[in-house]
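In what follows, chains are A, B, ... by sequence order, proteins preceding strands, each numbered from 1. Values below: all heavy atoms of this structure, side chains included; hydrogens, waters and symmetry mates excluded.
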Number of protein chains: 2
Amino acid sequence: MINYTDILREHNLKATPQRLAIADTLYINGHMSVEDLYELMLKKFSSISLATIYKNINLMLENSFIQEVKLPHAKSVYELTKSSHSHLLCEKCKEVSDISLALEHVIESASRTSDFKIHSADLVLSGICKNCQ
Amino acid sequence: MINYTDILREHNLKATPQRLAIADTLYINGHMSVEDLYELMLKKFSSISLATIYKNINLMLENSFIQEVKLPHAKSVYELTKSSHSHLLCEKCKEVSDISLALEHVIESASRTSDFKIHSADLVLSGICKNCQ
DNA sequence: CTCTGTGCAAAGCGTTTGCAAACGA
DNA sequence: TCGTTTGCAAACGCTTTGCACAGAG
C-alpha cells in the first residue's frame, strides 16, 4: 500500500482521507468510472458524497494527478497519471488495461503528412480479452 | 451535393428533409458536435427541435450511418461513416481532421503481447495544426 | 488560526421520453 | 392508409454549485 500523502501535496492537493482513499482505490483497481469509484468509496466512507467525488476528480484532473480515458461506446474511466501508454478495451467484459506500444513511427508519419506539431496520441484498441474469448 | 436518399434507406432510415440536411451538413463540415449541428440545422429549419437532432443522431449511430468520435479534453463530434481512419485534433482551434495511418504493425504488436483479439483501433493525435502554429 | 475540503440540498444542463400532429412510402 | 418522424414540453440523470460545518496544515 502506497502512501499518497506527499504525492498529493506535490500536485497541490491537501491529503485528506477521502483523497488518499481515491488514490488508493485507483491504484488498486487501475481504471474506474465515477460510478464505480463512488460505490467503492462508500464502503470506506459510508457518508461520502458524490459531490466530493466529482470535486476531487476535477481537481485531480486539473492538477494532473489523474487522467481521463475516453472509451468508444462506454463511459469514461479515470486512472492515476503515469507515463504515456495506450489502452485495451474488452468489448465483452468492458475491462480496460494498459499497454505500452511504440507509436513513434505512426506519429512521425502523421507529422510528415499533416503538418501538425503532434503532442500526444490517444489510442484505444477494442477487442476481446483472453478470458472472454 | 450528394443525394443521400438511397444511402439513408440502405441504413434503414426514411429520407426525411431533416435527415437529408443532417447528412449534407456532416458531409460539408466533416466533424460536428451536437451543438454545432443544431445551430447549422436551425438555418435550414427554423423550427427544428433539439430532440429531433438527438433522435436522429442516435438512430444514425445505431444504423452505422454516422460515427461518434470521442476527443480528449473536448466534446464528442460526429462524422459520416467511412473507411477506418485516425483523427487529428488541433488543441488551439479544436478543428478535427481525418488522417489515414498504417496501424497494422501496432495492432499486431498489441495482439502478440496482450492475447486480445483486436477488432478496432481508435486513435486521436493531438497537437497544433499548420494554421495555428 | 486560517483556509481548504466535506456533505447536503438545490440548481444546472445536456439528453431522453411521451404524445399529438404531420409526413414518407 | 399505416407506420414513422417531428416538434414541443416535461422528465431524467449526471454534474456542478452554495453554504455551513469540519478538518488539514
Side-chain angles (χ1 to χ4, degrees), chain A residues 3-26 32-63 65-78, chain B residues 3-26 32-63 65-71 73-78 94:
Chain A
N3 184 335
Y4 281 98
T5 307
D6 294 338
I7 307 176
L8 282 168
R9 294 209 185 113
E10 284 162 20
H11 288 268
N12 302 308
L13 297 162
K14 281 194 181 179
T16 67
Q18 290 87 341
R19 286 179 186 164
L20 289 168
I22 289 174
D24 196 53
T25 304
L26 284 177
M32 307 195 75
S33 66
V34 172
E35 202 185 333
D36 295 343
L37 186 55
Y38 179 51
E39 280 171 26
L40 279 196
M41 291 292 291
L42 270 179
K43 296 186 181 173
K44 302 185 188 176
F45 299 87
S46 57
S47 69
I48 197 173
S49 154
L50 244 187
T52 299
I53 304 283
Y54 278 109
K55 284 171 187 168
N56 280 322
I57 284 181
N58 288 332
L59 270 175
M60 288 171 167
L61 283 171
E62 283 166 26
N63 294 295
F65 178 72
I66 64 173
Q67 286 187 277
E68 181 176 1
V69 183
K70 292 196 179 181
L71 303 168
H73 315 297
K75 53 193 163 191
S76 288
V77 293
Y78 299 86
Chain B
N3 183 335
Y4 280 98
T5 307
D6 295 338
I7 307 177
L8 281 168
R9 293 209 186 113
E10 284 163 21
H11 289 268
N12 303 307
L13 297 163
K14 281 194 182 179
T16 66
Q18 290 86 340
R19 285 180 187 163
L20 289 168
I22 288 174
D24 197 53
T25 305
L26 283 176
M32 307 195 76
S33 66
V34 172
E35 201 185 336
D36 294 343
L37 186 56
Y38 180 52
E39 280 171 24
L40 279 196
M41 291 291 291
L42 270 179
K43 295 184 180 172
K44 301 186 188 175
F45 300 86
S46 57
S47 68
I48 198 173
S49 153
L50 243 188
T52 298
I53 303 284
Y54 278 109
K55 285 171 186 167
N56 280 322
I57 284 181
N58 287 333
L59 269 176
M60 288 171 167
L61 283 171
E62 283 166 27
N63 294 294
F65 178 72
I66 63 172
Q67 286 186 277
E68 180 176 3
V69 183
K70 293 197 177 181
L71 303 169
H73 313 299
K75 52 193 163 191
S76 289
V77 294
Y78 300 85
K94 302 295 177 191

Pairwise side-chain contact, B:Y78 with B:L37, heavy-atom cut-off 4.5 Å (strictly under) | no

Quick one: which residue pairs count as a salt bridge (charged side-chain N to carboxylate O under 4.0 Å, His left out) with a foot in residues 3-12 of chain A, not counting sequence neighbours?
-> A:D6-A:R9

Can you tell me how far the CD atom of A:Q67 sits from the OG atom of A:S76, to the nearest 0.5 Å?
-> 12.5 Å

Just checking A:Q18: base, sugar-phosphate only, or nothing, at a heavy-atom cut-off of under 4.0 Å?
-> sugar-phosphate

Not counting sequence neighbours, which residues clear side chain to side chain contact (heavy atoms under 4.5 Å, CB included) with A:I7? List them please.
-> A:I2, A:Y4, A:H11, A:F65

Among all residues two or more places apart in sequence or in another chain, which pass the side chain to side chain donor-acceptor pair (under 3.5 Å) test with [X]?
X     : value
A:E35 : A:K75
A:N3  : A:T5
A:E62 : none
B:D36 : B:S33

Phosphate OP1/OP2 of C:dA25: any B:R9 side-chain N/O under 4.0 Å = yes

Within less than 4.0 Å of OP1 or OP2 of C:dT6, is there a side-chain N or O belonging to A:N56?
-> yes

Of B:L13 and B:E35, whose nearest nucleotide on DNA chain C comes first from the 5' end?
-> B:E35

Please report, rounded to the nearest Å, how far the [atom2] atom of [N] is from the [atom1] atom of [X].
X     : N      : atom1 : atom2 : answer
A:L42 : C:dC8  : CG    : C1'   : 14 Å
A:N63 : C:dT4  : CG    : P     : 13 Å
A:L20 : D:dG23 : CG    : P     : 15 Å
B:M41 : D:dT5  : CE    : C1'   : 13 Å

If you restrict it to nitrogen or oxygen atoms, what contacts under 3.5 Å exist between nucleotides 8-11 of chain D and the protein, and what is each distance?
residue : atom : partner : partner atom : Å
D:dC8   : OP2  : B:S47   : O            : 3.3

Check: protein-nucleotides 2-4 of chain D nitrogen or oxygen pairs below 3.5 Å:
residue : atom : partner : partner atom : Å
D:dT4   : O4'  : B:K14   : NZ           : 3.3

Residue whose closest nucleotide on DNA chain D lies nearer the 5' end, B:L59 versus A:P17 | B:L59

Side chains of residues 12-26 of chain B: which donor-acceptor pairs under 3.5 Å do they make with residues two or more places apart or in other chains?
residue : atom : partner : partner atom : Å
B:T16   : OG1  : B:R19   : N            : 3.2
B:R19   : NE   : B:N56   : OD1          : 2.7
B:R19   : NH1  : B:K14   : O            : 3.1
B:R19   : NH2  : B:N56   : OD1          : 3.3
B:T25   : OG1  : B:A21   : O            : 2.6
B:T25   : OG1  : B:K44   : NZ           : 3.3

